[in-house]
Amino acid sequence: MSGPGRFISFEGIDGSGKSTQARRLATHLEGQGHDVVLTREPGGSPGAEDIRALVLEGEPDRWSPETEILLFTAARRDHLERTILPAIEAGKIVICDRFADSTRMYQGLRRDGLRALVDQLHDLMIGREPDLTVLIDMDPATGLQRALSRGAGEERFESFGNDLQAKMRAGFLELAAEFPDRFVTIDGSRDMDEVAADVTRTVTGWLS
Ligand code: ADP
Ligand code: TYD
């Protein structure tokens, strides 16, 4: 693809099918001849993957919400500098499994006032939103079941349970209403192939 690159993020609660759909979209777009970089947060660059282990493993109260905001933002800054921006500048399509909206939700909703802190640090250190954000919306109990059945050992957030998962779902839908220009919401409760067809149709339409 020539011309400017694009930056697409996938968001949603744990187990909603983001990783599956991000991977399938990448394969589809590559098949159409696009140059695609599939990446994820936390992580996506060697330094940010090191921070991933710090934030996703261990006891749920290992870090305060404030420290977590700093760690996720540090990981994001490294990912942006070393992976995302170089790929966009080279004209590629970057597909990222989670980005700053996840910090707005997972850290920002933990207590009153934290969302403002997330946004301040984002403006200071990141200053960039995806061009398109695909929200995979999903029933929280089913999402949690799917996420726990993977057993990947990165369970700090998954162990917060159903209530948090429900709060996150509502929060993501509110975020989609807050940023209507870049968000599209896809019903993730359907069969994997149906969801993928919907994602492909939406993104292809947006790209053209
Ligand atoms: P996320 O990245 O949002 O946590 P994943 O893509 O890793 O979600 O999916 C979580 C689990 O659910 C995986 O085992 C995946 O194979 C399965 N899964 C994903 N999408 C669907 C779907 N539409 N229906 C049933 N199972 C699904
Ligand atoms: P991820 O690997 O996408 O998990 P899943 O596939 O289960 O959705 O993300 C791991 C966890 O990290 C997830 O529970 C959400 C959390 N997270 C935050 O709390 N803040 C953030 O900024 C990001 C990017 C992720």
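In listed order, ligands and their atoms are each counted from 1. Counting begins at 1 with the first residue of the sequence.
D137 is linked by a side-chain contact (heavy atoms from CB on, under 4.5 Å) to R169, L173, T185, counting only residues two or more places apart in sequence or in another chain. Every side-chain contact (heavy atoms from CB on, under 4.5 Å) that A141 has, sequence neighbours left out, goes to D139, N162.
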(request) Please assess T20 against V195 for the test side-chain contact (heavy atoms from CB on, under 4.5 Å), listing each intermediate value before the final yes or no. (result) CA-CA 10 Å; T20 306; V195 181; over 6 Å; no
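The shortest separation from a heavy atom of R76 to ligand 2 is under 4.0 Å, placing the residue in contact. Ligand 2 is never approached by A147 to a heavy-atom distance shorter than 4.0 Å. Residue-ligand proximity: G12 is placed with every non-hydrogen atom at 4.0 Å or more from ligand 1.
Residue R40 does not touch ligand 2, judged by heavy-atom distances below 4.0 Å. Contacts between I136 and ligand 1, counted as non-hydrogen atom pairs separated by less than 4.0 Å, are absent for every part of the residue. Contact annotation for R190 and ligand 1: only backbone heavy atoms (N, CA, C, O) come within less than 4.0 Å of the ligand. Contacts of Q165 with ligand 2, taken as heavy-atom pairs under 4.0 Å, are absent altogether. No part of V55 comes within 4.0 Å of ligand 2, judged by heavy-atom distances. At a 4.0 Å heavy-atom cut-off, ligand 2 does not touch M105 at all.
The shortest N or O to N or O distance between Y106 and ligand 2 is not below 3.5 Å. Between T20 and ligand 1, at least one N/O pair is under 3.5 Å apart. The shortest N or O to N or O distance between D14 and ligand 2 is under 3.5 Å. At least one N/O-N/O distance between S16 and ligand 1 falls below 3.5 Å. Geometrically, ligand 1 and A147 share no nitrogen or oxygen pair separated by less than 3.5 Å.
A salt bridge links R40 with E49: the closest approach of a Lys/Arg side-chain nitrogen to an acidic carboxylate oxygen falls below 4.0 angstrom. Using a 4.0 Å cut-off between charged nitrogen and carboxylate oxygen, E66 and R111 count as a salt-bridge pair. With respect to the salt-bridge test (charged N to carboxylate O, under 4.0 angstrom), the residues D163 and K167 do not qualify.
The option with the heavy atom closest to atom 24 (N) of ligand 1, from among E11, R146, E194, R40, is R146. Among G17, G188, G143, S149, the residue whose heavy atom lies nearest to atom 8 (O) of ligand 1 is G17. For atom 2 (O) of ligand 2, the candidate residues are R146, R104, R52; the nearest heavy-atom contact is made by R52.
The line from CE of M105 to CE of M168 is 7.5 Å long, rounded to the nearest 0.5 Å.
Residue contact check: K18 has heavy atoms under 4.0 Å from atoms 8 (O) of ligand 2. Numbered from 1 in the order shown, with element, the atoms of ligand 1 that lie under 4.0 Å from a heavy atom of D191 read 23 (N).
F72 has its ring centre no less than 6.0 Å from the ring centre of Y106.
Side-chain contact between W206 and D131 is present, with at least one heavy-atom pair separated by less than 4.5 Å. The side-chain heavy atoms of H122 and R104, taken from C-beta on, include a pair separated by under 4.5 Å.
Heavy-atom contacts from other residues, nucleotides or ligands closer than 6.0 Å to CG of D193 number more than 12.
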